[in-house]
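Down below is the structure, laid out as structure tokens.
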Amino acid sequence: NEVTNELVLSDMDVMNVEIPEGVQAIGWKAFYNRPLTSVHFAKSVQEIGHYAFASCKNLKSVNLPDSVTRIGMCAFFDCESLEKVVLPNQLQQIEAYTFRNCSMKSLEIPGKILIIGPGAFSECKQLEQVKLNTGLTKIDVYAFHGCLALANINFPEGLVSIGEGTFGECQNLRRVILPDSLQLIGEYTFYKCNLSILRFPPKLYFLIYDNKKGYIVYPHAKDRKHFSYDSVDTVIFSGSDYDFGYPAITDAKNVYFLGK
């Protein structure tokens, strides 16, 4: 589209795509469910639309230029052969389900990203290692849910909120050291995880879902404020100001209280 500088693909069975210079946006479902094996992005590209490359099941790698400032919802959803993703340094948010059900083994989140959206990397069953950089403030609900191989992830200072079910069914996750900056956490965040060590920050409050208001901090409903772990060897409480129900944690082998 020469008026909007947006790329929209007609029904062609293309396999190798080079986005030409001058294109600023790749439109909604532009390459949806195509047999792509490779794509090269021009440095003029600023935006990738919703579902732009969703269900491109043969696409193996994506190297996004730093010119990209927005990636739409489900843009690479269900790209089940996608093994390598390089995210742009200017990106500030990863939207909902952007890379759900992809096959990368490692991932680095650039420092300017503030929010990882709902289900953004959920069901990435080959994902083993994630590096989060300082600058990230929120990991939304179910962002890494079902990442069965995930064994190594850091939680940087500055992180404020982790949503409901975010790391549920991450069965290889063993060590979780939550930063002092963390204030809010959702239910079932580590559901069906077999943690060896879990460290809580000095203050932490549960987010409870309300049908009218969405996720809120609610002083009551203690029966809903608990963690659902299959097992955890060692729990470390770094403070004493917690908004937990009873029992918050079951089957912990060792519990340490470091707060005054």
Between [X] and [Y], is any pair of side-chain heavy atoms under 4.5 Å apart?
X      : Y      : value
Thr166 : Tyr188 : no
His50  : Glu95  : yes
Ile185 : Tyr205 : no
Leu173 : Ile153 : yes
Ile197 : Ile236 : yes
Thr69  : Leu91  : no
Ile162 : Leu184 : no

Under the side-chain contact (heavy atoms from CB on, under 4.5 Å) test, residues paired with [X] that sit two or more places apart:
X      : result
Asn63  : Val86
Asn254 : Thr234, Tyr256
Val62  : Phe41, Leu59, Leu64, Phe76, Leu82
Asn33  : Ser55

Restricting to side chain to side chain donor-acceptor pair (under 3.5 Å), what partner residues turn up for Thr37, sequence neighbours left out?
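Partners of Thr37 under the side chain to side chain donor-acceptor pair (under 3.5 Å) test: Asn16.
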Members other than Val160 in its cluster, when Ile, Leu, Val, Met, Phe, Trp, Tyr link by side-chain heavy atoms under 4.5 Å?
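Noted: Val160 shares its cluster with no other residue.
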What's in the same ILVMFWY side-chain cluster as Leu114, cut-off under 4.5 Å, chained through other members?
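Traced through the cluster, Leu114 reaches Ile115.
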To the nearest 0.5 Å, tell me how far [X] [atom1] sits from [Y] [atom2].
X      : Y      : atom1 : atom2 : value
Gln92  : Leu136 : CD    : CG    : 12.5 Å
Phe53  : Leu36  : CZ    : CG    : 7.0 Å
Ile177 : Leu198 : CD1   : CG    : 8.0 Å
Cys79  : Asn58  : SG    : CG    : 10.0 Å

When you compare the side chains of Lys203 and Gln183, does any donor N or O come within less than 3.5 Å of an acceptor on the partner?
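No, no side-chain donor-acceptor contact under 3.5 Å.
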Does the [X] side chain pair with the main chain of [Y], one donor and one acceptor, at a distance under 3.5 Å?
X      : Y      : result
Glu21  : Lys43  : yes
Arg174 : Asn194 : yes
Ser181 : Leu159 : yes

Salt bridge (charged side-chain N to carboxylate O under 4.0 Å, His left out) with Glu80: which of Lys60, Arg100, Lys57?
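The salt bridge (charged side-chain N to carboxylate O under 4.0 Å, His left out) with Glu80 is passed solely by Lys57 among Lys60, Arg100, Lys57.
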Those residues that, when tested against [X], pass ring-ring contact (aromatic ring centres under 6.0 Å, His included) (two or more places apart):
X      : value
Tyr142 : His145
Tyr97  : none
Tyr32  : none

Test Ile94 against Phe121 for side chain to side chain contact (heavy atoms under 4.5 Å, CB included), laying out the working first.
CA-CA 9 Å; Ile94 300 174; Phe121 298 98; 3.7 Å; yes
Listing, residues 126-135 side-chain donor-acceptor contacts under 3.5 Å, not counting sequence neighbours, or none:
from: Asn133; atom 1: ND2; to: Glu108; atom 2: OE2; distance (Å): 3.2
from: Asn133; atom 1: ND2; to: Ile109; atom 2: O; distance (Å): 2.7

How close do Phe99 and Met104 get, heavy atom to heavy atom, and via which atoms?
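For Phe99 and Met104, the tightest heavy-atom pair comes out as CB-CE, 3.8 Å.
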So which atom in Cys170 and which in Cys193 form the shortest heavy-atom distance, rounded to 0.1 Å?
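For Cys170 versus Cys193, the nearest heavy atoms are O-SG, 3.5 Å.
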State whether Arg199 and Asp180 are salt-bridged, where the test is any N-O pair (Lys NZ or Arg NE/NH1/NH2 against Asp/Glu carboxylate O) under 4.0 Å.
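Looking at Asp180 together with Arg199, the answer is yes, because their closest N to O distance falls below 4.0 Å.
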Would the number of heavy atoms belonging to other residues, nucleotides or ligands and lying under 6.0 Å from NZ of Lys125 be above 12?
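Correct, the count exceeds 12.
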With ring-ring contact (aromatic ring centres under 6.0 Å, His included) as the test, pick out the partner of Phe155 among Phe167, Phe144, Phe200.
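That would be Phe167.
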For a side chain to side chain contact (heavy atoms under 4.5 Å, CB included) check, start with the C-alpha distance between Leu148 and Asn172, then their side-chain angles and the critical distance, and finish with the verdict.
CA-CA 6 Å; Leu148 303 181; Asn172 277 308; 5.6 Å; no
Using salt bridge (Lys or Arg N to Asp or Glu O under 4.0 Å) as the criterion, list what pairs up with Glu164, not counting sequence neighbours.
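Expected list: none.
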Determine whether Ile139 and Leu107 fall in the same hydrophobic cluster, where Ile, Leu, Val, Met, Phe, Trp and Tyr are linked whenever their side-chain heavy atoms lie under 4.5 Å apart.
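Yes; Leu107 is reachable from Ile139 via cluster members.
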Phe257 vs Phe237 aromatic rings, parallel, tilted or perpendicular, using cut-offs 30° and 60°?
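Because their plane-to-plane angle is under 30°, the rings of Phe257 and Phe237 count as parallel.
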